[in-house]
Amino acid sequence: MNEQAPLRIVLAKVGLDGHDRGVKVVSRALRDAGFHVIYPGLWQAPEAVVRTVGDEDADWLGISLLSGTHLTLVPRIIDLLKAAGLDHVGVLVGGIIPEADIPKLHEMGVSRVFGPGTPMTDIITYLRSEGSRTHA
Amino acid sequence: MLSDLLARLEEKDRLALARLLTLISRGEQLPEISSAIGTRNETTPVVAITGNAGVGKSTLVGKLAEYLRGEDKSVAILACDPESPLTGGALLGDRIRMPSRPDDAGLFIRSLAAASGHQAVAEHVDLMIRLLAKFGFDVILLETVGAGQGDTAVRELADVVVLLVQPESGDELQWEKAGLLEVADVVVVHKADLAGAEKTEGQVKELLSLPGSREIAVLRVSSRTGQGFEALWEAVMAAPRRGTTLDGRQLLRLAQQLLADRYRSRGAAAGPIIDRWKAHQLDESQAAEQLLDLLVR
Ligand SMILES: Nc1nc2c(ncn2[C@@H]2O[C@H](COP(=O)(O)OP(=O)(O)O)[C@@H](O)[C@H]2O)c(=O)[nH]1
Ligand SMILES: [Mg+2]
């Protein structure tokens with residue numbers, strides 16, 4: 001009935017660093033592009049992120065984290081998503097990720113990595129073209 | 001597909017619950033879902049928390065949920081934030097203020113976007129409430145977008161309406177007066193840790209003591225210090241239930257929603273009627289009748 005229902009995306013700031021300026025900027029830009037952005041706040045544990053994605057029935061999960069934690073936290077979240085029956089949710093990673101690690105993240109199941117300074121239009125265009133696997 | 005979801009719902013599958021909420025929020029398969037859920041069990045209290053932006057609705061809902069978990073009651077929260085009228089986008093940030101209890105099956109939180117305009121809550125929330133009650137939650141908490149808009153709808157949806165105000169000047173309280181008297185069953189002077197809470201409590205009580213007004217509890221609560229939550233829950237349980245569910249209004253609401261959805265999906269067919277109305281070939285009530293005919297056909 002409602003073909004262009006807005007995509008729902010959870011934007012999670014994972015780990016212990018206390019900056020959420022970047023996530024907030026992305027949140028607002030996605031909202032202004034017509035997305036429904038669920039922002040659960042700072043210092044999310046992987047378990048809490050996965051619980052939020054499930055209860056919110058999100059189409060996408062955007063993970064923002066500090067360099068150095070990505071090779072431990074991202075696989076942890078992806079494993080938890082699988083265990084929770086949420087492997088249909090598309091996963092994006094944002095942050096300063098060394099070039100060499102990007103293929104590793106893709107192999108783990110991350111759909112795209114967006115480095116700092118990625119134009120918002122790239123993210124928006126990407127999400128629009130991918131659509132939803134949750135509500136295929 | 002729907003039958004599969006409904007079967008999983010019977011087995012308390014949380015993802016099925018989440019997916020059904022999405023279908024409802026999109027207005028999909030409402031009649032089928034509605035008849036599968038049946039009428040709401042009247043024992044599950046539905047408590048709406050309303051009040052102006054920034055008064056601390058999300059924070060209080062989160063703390064109240066923690067208090068209720070301590071009392072061994074399971075809690076579902078529907079938290080509404082406004083949708084942008086221009087883009088249809090929404091920033092749903094109420095969860096920031098709410099507890100994160102990833103291992104606790106007894107707490108469920110869903111963020112919802114309320115269409116812009118005069119909507120205090122998201123569309124089809126009544127059906128979501130029935131779904132959550134059927135799933136087995138003991139208490140349902142509904143955070144509104146804010147006070148002053150769509151208050152009547154909130155009153156029809158909830159058994160008990162809790163209005164939050166914060167310590168502030170008497171002038172602003174006057175502004176709240178109509179809302180206070182018409183919507184609230186319980187008035188909370190929130191942020192009671194701030195100066196002036198007692199004074200505000202006195203002012204609210206004075207406003208409510210006008211002859212002929214209903215009995216409304218007024219109490220001070222602070223989410224920061226944790227003061228007042230036991231008293232708040234007592235007041236909520238003591239408030240007379242509105243008993244909103246088992247009358248024709250539930251059906252009427254569903255019928256109205258179905259009409260609105262149909263208008264959205266086949267609105268184009270209404271073009272000629274609208275044109276003739278604009279050209280004064282039909283008066284407004286004739287045009288409305290024809291539109292209704294078109295939509296029920
Ligand atoms: N002093 C004080 N501030 C509070 C209290 N509860 C919430 N706040 C603050 O009020 C602001 C708005 O809270 P929020 O729950 O988002 O309000 P909402 O817009 O009504 O949902 C936040 O900055 C909170 O930290 C309280 O009990 N005392
Ligand atoms: Mg809020």
Side-chain angles (χ1 to χ4, degrees), chain A residues 1-14 20 23-59 77 80-81 83-89 120 124 127-128 132 134-136, chain B residues 1 5 8 13-30 58 62 76-79 81-84 86-105 107-115 122-124 132 258 261-262 264-266:
Chain A
M1 187 180 284
N2 204 343
E3 272 88 26
Q4 359 64 314
L7 288 176
R8 290 169 68 81
I9 177 165
V10 170
L11 286 186
K13 180 84 198 169
V14 188
D20 65 348
V23 193
K24 282 190 169 153
V25 170
V26 174
S27 296
R28 284 199 205 103
L30 290 177
R31 176 199 57 193
D32 293 342
F35 295 87
H36 283 186
V37 181
I38 296 132
Y39 178 55
L42 286 171
W43 302 308
Q44 295 288 307
E47 290 78 7
V49 172
V50 172
R51 166 54 70 91
T52 299
V53 169
D55 284 4
E56 299 286 356
D57 192 26
D59 303 295
I77 291 173
L80 287 168
L81 284 172
L86 292 167
D87 27 8
H88 53 266
V89 177
M120 271 313 300
I124 291 164
L127 286 171
R128 284 202 182 127
S132 169
T134 298
H135 301 97
Chain B
M1 172 67 191
L5 282 177
R8 284 166 54 199
D13 180 332
R14 224 172 145 106
L15 296 186
L17 172 68
R19 180 59 47 86
L20 283 164
L21 286 169
T22 306
L23 292 178
I24 296 171
S25 74
R26 295 177 176 194
E28 286 170 25
Q29 295 177 279
L30 295 182
S58 303
I77 299 173
L78 295 174
D81 271 320
E83 197 173 82
S84 153
L86 294 177
T87 64
L91 199 49
L92 308 173
D94 290 326
R95 292 187 85 105
I96 301 174
R97 313 270 180 217
M98 297 184 184
S100 157
R101 301 168 63 109
D103 301 323
D104 181 3
L107 178 66
F108 181 93
I109 306 175
R110 182 59 173 256
S111 313
L112 298 169
E123 248 186 311
H124 311 308
L132 292 166
L258 284 173
D261 287 341
R262 282 187 194 181
R264 237 170 282 148
S265 58
R266 354 178 173 142

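All figures in this text were calculated on a predicted structure; none of them were measured in a lab. Here is the naming used below: chain letters follow the sequence lines, and residue numbers restart at 1 for every chain. Computed over heavy atoms, backbone and side chain alike; hydrogens, waters and symmetry mates excluded.
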Inset, instruction - Please check if the side chain of A:His36 supplies one atom and the backbone of B:Gly88 the other of a donor-acceptor pair under 3.5 Å. - result: yes
Inset, instruction - Look only at the side chain of A:Arg51 and the backbone of B:Asp104, and say whether a donor-acceptor pair between them is shorter than 3.5 Å. - result: yes
Inset, instruction - Check B:Arg26, B:Arg19, B:Arg14 against A:Asp57 for a salt bridge (charged side-chain N to carboxylate O under 4.0 Å, His left out) and give me the one that passes. - result: B:Arg19
Legend entry - Where B:Leu15 and A:Leu86 come nearest, the two heavy atoms and their spacing: CD2-CD2, 3.7 Å
Inset, instruction - Give, as side chain, backbone, both or neither, the part of A:Asp32 having an atom under 4.5 angstrom from any heavy atom of chain B. - result: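 Just the backbone, heavy atoms under 4.5 Å.
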Legend entry - Side chain, backbone, both or neither of A:Ala45 within contact of chain B (heavy atoms, under 4.5 Å):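 When you check distances to chain B, no heavy atom of A:Ala45 falls under 4.5 Å.
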Legend entry - Distance in Å, B:Leu112 CG paired with A:Ile38 CD1, rounded so as to fall on 0.5 Å steps: 9.5 Å
Tell me, side chain or backbone of [X] under 4.5 Å from chain A's heavy atoms, or both, or neither?
X	result
B:Ser100	side chain
B:Ile77	neither
B:Arg97	neither

Legend entry - Contacts of A:Glu56 that satisfy salt bridge (Lys or Arg N to Asp or Glu O under 4.0 Å) - sequence neighbours left out: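 A:Glu56 satisfies salt bridge (Lys or Arg N to Asp or Glu O under 4.0 Å) with A:Arg8, B:Arg95, B:Arg110 only.
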Inset, instruction - Look at A:Gly41, A:Ala33, A:Pro40, A:Gly54 and state which one has the largest set of heavy-atom pairs under 4.5 Å with chain B. - result: A:Pro40
Inset, instruction - Heavy atoms only, distances under 4.5 angstrom: which of A:Ala48, A:Gly34, A:Ala84, A:Gly85 has the most pairs with chain B? Name it, please. - result: A:Gly34
